[in-house]
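Notes to accompany the following structure.
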Amino acid sequence: MIINLISDTVTKPTQGMLDAMMSAAVGDDVFKEDPTVNALEEKAAKLFGMESALFFPSGTMTNQTAIKLHTQPGEQLICDKYAHVYNYEGGGVSFNSGVSCRLVDGDRGTMTAAQVESVINPPDFYHSPLSTLVCVENTANKGGGTCWDFQELQKIRKVCDDYKLGYHLDGARLWNAMVEKNETALQYGRLFDTISVCLSKGLGCPVGSLLLGTKEHMHKALRIRKIFGGGMRQSGFLAAAAIYALDNNVDRLAEDHKKAKEIGNVLASKSFIKKVEPIETNIVIFEIDESYMTSDQFVNTLKEKDILIIGMGQGKLRMVTHLDYTDNMHDELLKQLATI
Ligand SMILES: *Cc1c(COP(=O)(O)O)cnc(C)c1O
């Protein structure tokens, strides 16, 4: 039995999901003629109370498309220093949109409205890049699955309105935040101009993300997705997995959160662990006390026990719980950790 805690993207489709995929009605989605993709996009738009949605092959492409929608080359977006759009999208912000990032030194991936306001360049000062977009990430991945305070998100909305900035949510793991904080998709749909969500993480799909926004946004996004090479043909097979996941795999995320907290408690009790970040959802970030062993030694010790985890740099290690991390595996992991 291999226990893979590297990411919540390692899940494989369940039999139920595969059955839904195999019986999907499909068509050519580049001509917008795939009935299952169309049904998914309608379902998601309705769920968030937004006008329109568009299905994408990856979360990176949804974020990159959103950034392109809201900006012109030379402009600047504002995000936390931990943001996925800044750290883990291959420099796409500058490559695809010709935009720079103004980083905020936030708290575990979250920012305050005051911090956002303080880094907006004065629009008439033509020497500096024009600030046109704020990107927030919920949950914040590099912050350790951090959930935002919804009121702070509302305050940032006000700042965006005051300064006429676009407001994009990278909601790759928004499902986790909504389950944990008892929030609704409608709440988020009302607040943001555009939202991206992943289906291929906690929800267990093999492929897929969605971008949500106005009809006009999605009309433009269709062209940008084409330019980025993201037009797919009979993608209804993938959309069927997404519909299945939305119907079956959202509420159960609470189990992943419970397991992550239990792992954190065991880690915190061990003398060789220097620090465990607060655990809010399904991500556990921790540091080894290197006077006992190095991070690499710890990763290798686990690997010998068929337990896979990865480092995030700067001595930080990460474990992520997910759909394929079973109760059995959980018992085994806690037992194994106790023996180290
Ligand atoms: C995973 C992730 C994405 C998108 O990643 P893809 O691998 O391209 O689907 C975007 N933002 C965050 C915060 C993520 O964790």
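Numbering of ligands and ligand atoms starts at 1, following listing order.
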Between [X] and [Y] (judged by ring centroids, cut-off 6.0 Å), do the two rings come close enough to count as a pair?
| X | Y | result |
| --- | --- | --- |
| His168 | Phe192 | no |
| Tyr292 | Phe298 | no |
| Phe228 | Phe56 | no |

Side chains of Glu75 and Thr132, donor plus acceptor under 3.5 Å: yes
Can you name the one residue among Met319, Lys261, Glu262 that meets side chain to side chain contact (heavy atoms under 4.5 Å, CB included) with Ile279? Lys261
Show the distances, to 0.1 Å, for all pairs joining an N/O atom of ligand 1 and a protein N/O atom that are shorter than 3.5 Å, listing one pair per line.
| unit_1 | atom_1 | unit_2 | atom_2 | d |
| --- | --- | --- | --- | --- |
| ligand 1 | 8 (O) | Gly59 | N | 3.4 |
| ligand 1 | 8 (O) | Thr60 | N | 2.8 |
| ligand 1 | 8 (O) | Thr60 | OG1 | 2.6 |
| ligand 1 | 9 (O) | Gly59 | N | 2.9 |
| ligand 1 | 11 (N) | His84 | ND1 | 3.4 |
| ligand 1 | 11 (N) | Asp170 | OD1 | 3.1 |
| ligand 1 | 11 (N) | Asp170 | OD2 | 2.6 |
| ligand 1 | 15 (O) | Asn141 | ND2 | 3.4 |
| ligand 1 | 15 (O) | Arg173 | NH1 | 3.0 |
| ligand 1 | 15 (O) | Lys201 | NZ | 2.7 |

For the pair Glu277 and Lys275, find out whether any cationic side-chain nitrogen is under 4.0 Å from an anionic carboxylate oxygen. yes
